[in-house]
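Read through the structure below, which is laid out as structure tokens, and then see the notes.
Below, chains carry the letters A, B, ... as their sequence lines are ordered, and counting in each starts from 1. Because the structure is predicted, anything quoted here is derived from the model rather than measured.
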Amino acid sequence: MLEVPYIRENKEKVLAGLAKRNKDFTAQIENIIRLDDERKLLTTAINSKEAELKQISKVIGELMKAGDKEGAELQKNGVTVMKTFVKDAQEKLAVVENDLQQLLYQIPNVPNNIVPQGKTADENVEVYRWGNTPELGAHKKPHWELIEEYDLIDFELGTKITGAGFPVYKGKGARLQRALINFFLDEATAAGYREFQPPHMVNEASGYGTGQLPDKEGQMYYVGVDDLYLIPTAEVPLTNLYRDVILKESDLPVKMTGYTPCFRREAGSWGAHVRGLNRLHQFDKVEIVQLAHPDQSYAILEHMVEHVKQLLQKLGLHFRIIRLCGGDMGFTSALTYDFEAWSGAQERWLEVSSTSNFETFQANRLKCRFKNADGKMQYVHTLNGSALALPRIVASLLENNQDEHGIRIPDALVPYTGFDRITR
RNA sequence: GGAGAGGUGGGUGAGUGGCUGAAACCAACAGUUUGCUAAACUGUCGUAGGGGGUAACCCUUACCGGGGGUUCGAAUCCCCCCCUCUCCGCCA
């Protein structure tokens with residue numbers, strides 16, 4: 001959520017930035033400023049009237065103490081009128097504040113200067129590419145065939161016990177999952193991230209904190225009886241660990257990592273390219289999160305990108321990094337890099353990580369601040385990245401490393417799997 | 001789920017209708033003293049909103065788990081909810 005004072009002081013800049021999202025926010029921004037003006041006016045009126053009432057109460061208190069009951073009663077004249085005035089003004093203020101809040105919730109984050117102009121994913125900009133397309137020959141198979149051939153994952157069973165999009169990992173398939181999770185967590189902790197095991201369900205306040213709510217409730221599984229949401233990513237519980245927290249400047253940056261399953265309804269997005277592991281309702285992911293000093297957040301974003309880059313290199317996967325254009329970027333993000341691994345048999349790129357700087361957009365909602373050198377409160381910048389999401393990594397590992405005899409496990413992973421090949 | 005106790009500032013903890021935004025102590029920060037460390041002393045020590053000032057700052061309102069209510073006036077009384085602790089029940 002953008003801060004109103006920031007909007008007021010940087011109106012043109014905000015509008016110009018938001019224009020990259022291919023929508024004109026002029027009317028909304030003007031409305032926000034108008035409502036804020038109204039808010040200030042009402043507040044001033046209420047404040048002075050309340051000060052008056054408070055003064056009268058004080059006088060009554062003194063008169064009562066002195067035993068002057070009649071004098072006290074006299075003071076009460078006019079109080080009712082004043083109280084009615086205050087009550088009316090407060091009701092108006094509540095409406096104004098609510099309208100303002102609702103409007104603010106609808107304004108996405110302002111894209112950073114280097115975010116490319118563009119409407120769709122086609123206009124994203126590739127900024128880095130590593131490795132080569134694997135030579136697989138004519139016998140290459142997509143991962144859903146390999147999975148069946150080597151009995152690694154069972155989609156039918158998952159459908160039986162739960163539903164489509166909930167796979168059951170079996171034998172070496174299950175072991176590969178565990179290996180990847182441990183590998184990713186070890187790499188993250190070695191890079192200084194503290195490991196957490198957060199809850200897999202969160203309350204409504206947490207949903208608002210990181211920006212899933214309002215608006216995106218359709219994307220989360222909701223447990224109505226207990227009013228809880230299944231997390232769509234570890235970003236939600238991890239970042240919310242610092243909701244309503246005031247940090248010391250010396251605490252920054254806070255580096256967290258955690259493995260969790262992620263639950264996504266993917267309502268409406270079940271089109272093409274969803275076979276096998278390409279899109280699931282439940283998947284595993286290791287996430288890295290940082291709370292950063294605003295002056296350092298973009299340097300830290302680079303570090304995080306570097307970290308993810310190394311993971312993919314250690315796994316030996318052909319991949320590229322793209323900078324998302326304004327039209328493709330998430331609501332809460334100011335700058336996002338997506339990582340795409342090559343899928344050798346599908347012959348297309350699969351998104352395996354999304355690493356973003358949210359600047360103060362989440363921190364404002366979270367009320368996560370630190371005291372700066374001048375003793376002033378300042379919002380932190382929040383950042384996060386997948387490091388990494390498993391299913392598409394598995395898909396691309398299986399496809400890229402296949403030959404007639406089986407599937408080769410990358411060296412970095414062998415200590416974790418305990419085997420270096422998957423065979424029949 | 002049932003019964004009881006309780007939720008106050010960074011922490012401990014006082015405070016049952018007005019002089020309490022909140023004692024005291026601890027922690028923290030700044031300074032004085034000191035050969036260093038320590039100790040002692042002095043001072044500062046919440047957040048947010050509104051108004052004023054170039055600014056240091058000043059005035060004002062709100063906030064004592066959350067939300068309502070009673071009252072001229074609520075941390076203090078009443079109602080609802082949430083959470084924590086103890087005992088009981090249930091259970092991995």
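- Atom name P, nucleotides rG9(B) and rA23(B): the rounded distance is 12 Å, in whole Å.
- The distance between atom CG of D227(A) and atom C1' of rC81(B), rounded to the nearest whole Å, is 13 Å.
- With P as the reference atom, rU34(B) and rU47(B) are 35 Å apart, rounded to whole Å.
- Salt bridge absent: E340(A) and R392(A) never bring a charged side-chain N and a carboxylate O closer than 4.0 Å.
- Here the C1' atom of nucleotide rA27(B) and the NZ atom of K248(A) are 10 Å apart, to the nearest Å.
- With N10(A) contributing its side chain and V14(A) its backbone, the two residues share no donor-acceptor pair below 3.5 Å.
- Residues Y193(A) and Q290(A) bring a donor and an acceptor atom of their side chains to less than 3.5 Å of each other.
- Place D36(A) and I246(A) on RNA chain B by their nearest nucleotides, and I246(A) ends up nearer the 5' end.
- Nucleotide rU76(B) has no partner under the Watson-Crick or G-U criteria, as no pair reaches both atom distances under 3.5 Å.
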Contact pattern, 5' to 3', of nucleotides 70-80 of chain B - B, S or - by protein heavy atom under 4.0 Å: --BS-------

Under 3.5 Å, which protein N or O atoms sit close to an N or O of nucleotides 53-59 of chain B? Give each pair with its distance.
none

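- N203(A) contributes atom CG, which lies 7.0 Å from atom CG of L228(A) (distance to the nearest 0.5 angstrom).
- rG1(B) and rC72(B) have their C1' atoms separated by 45 Å, given to the nearest Å.
- Per the geometry, NZ belonging to K54(A) stands 14 Å off C1' belonging to rG50(B), to the nearest Å.
- No side-chain donor-acceptor contact under 3.5 Å links D420(A) to the backbone of D411(A).
- With S386(A) contributing its side chain and S354(A) its backbone, the two residues share a donor-acceptor pair below 3.5 Å.
- We find the CD-CZ distance between E3(A) and F361(A) to be 11.0 Å, quoted to the nearest 0.5 Å.
- Dashed line: the shortest gap from a side-chain N or O of K371(A) to OP1 or OP2 of rU47(B) is under 4.0 Å.
- For the pair E38(A) and R34(A), the salt-bridge criterion is met [side-chain N within less than 4.0 Å of a carboxylate O].
- Between rG43(B) and rG49(B), the distance separating the two C1' atoms is 29 Å to the nearest Å.
- Neither side chain, E204(A) nor Y208(A), offers a donor N or O lying under 3.5 Å from an acceptor on the other.
- The backbone N or O of F331(A) sits nowhere less than 3.5 Å from a side-chain atom of N109(A) that would complete a donor-acceptor pair.
- Of all nucleotides present, none satisfies the Watson-Crick or G-U wobble test against rA38(B) with each distance under 3.5 Å.
- Y150(A) places none of its side-chain heavy atoms less than 4.5 Å from the side chain of Q402(A).
- For the segment residues 38-52 of chain A, the set of residues with a heavy atom within less than 4.0 Å of an atom of RNA chain B comprises R39(A), K40(A), T43(A), T44(A), N47(A), E50(A), A51(A), in numerical order.
- Of the C1' atoms belonging to rU61(B) and rC79(B), the separation is 27 Å, rounded to the nearest Å.
- Annotation: rA62(B) and rU54(B) have their C1' atoms spaced 29 Å apart (nearest Å).
- Nucleotide rA62(B) has rU47(B) as its partner under the Watson-Crick or G-U criteria, with both atom distances under 3.5 Å.
- Counting only heavy atoms from C-beta outward, the side chains of Y259(A) and D284(A) approach each other to under 4.5 Å.
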Stepwise side chain to side chain donor-acceptor pair (under 3.5 Å) test for Q90(A) and E50(A): CA-CA 11 Å; Q90(A) 276 172 340; E50(A) 276 181 336; 3.2 Å; yes

Listed pairs, N/O of protein and of nucleotides 63-68 of chain B, under 3.5 Å:
none

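- For the OP1/OP2 pair of rA48(B) and a distance below 4.0 Å, the side-chain nitrogens and oxygens of R369(A) include at least one atom meeting the criterion.
- As a whole-Å value, the separation of E204(A) CD from rC82(B) P is 15 Å.
- Of the residues in residues 89-107 of chain A, not one comes within less than 4.0 Å of RNA chain B through any heavy atom.
- Judged purely by distance below 3.5 Å, without hydrogens or angles, the side chains of N47(A) and T44(A) never pair a donor atom with an acceptor atom.
- In this structure, L35(A) atom CG and rG49(B) atom P are separated by 17 Å, rounded to whole Å.
- The same atom, C1', is picked in rG53(B) and in rG69(B); the two are 41 Å apart, to the nearest Å.
- A gap of 34 Å separates the C1' atoms of rC81(B) and rC26(B), to the nearest Å.
- For the pair K20(A) (side chain) and N112(A) (backbone), a donor-acceptor distance under 3.5 Å is present.
- The aromatic rings of Y222(A) and Y229(A) sit tilted, their planes meeting at an angle between 30° and 60°.
- Neither side chain, E195(A) nor T189(A), offers a donor N or O lying under 3.5 Å from an acceptor on the other.
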Atom pairs and distances, donor-acceptor, side-chain atoms in residues 157-166 of chain A, under 3.5 Å, two or more places apart:
| from | atom 1 | to | atom 2 | distance (Å) |
| --- | --- | --- | --- | --- |
| T159(A) | OG1 | F155(A) | O | 2.8 |

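- Both distances falling under 3.5 Å, in either a Watson-Crick or a G-U wobble arrangement, occur for no nucleotide opposite rU20(B).
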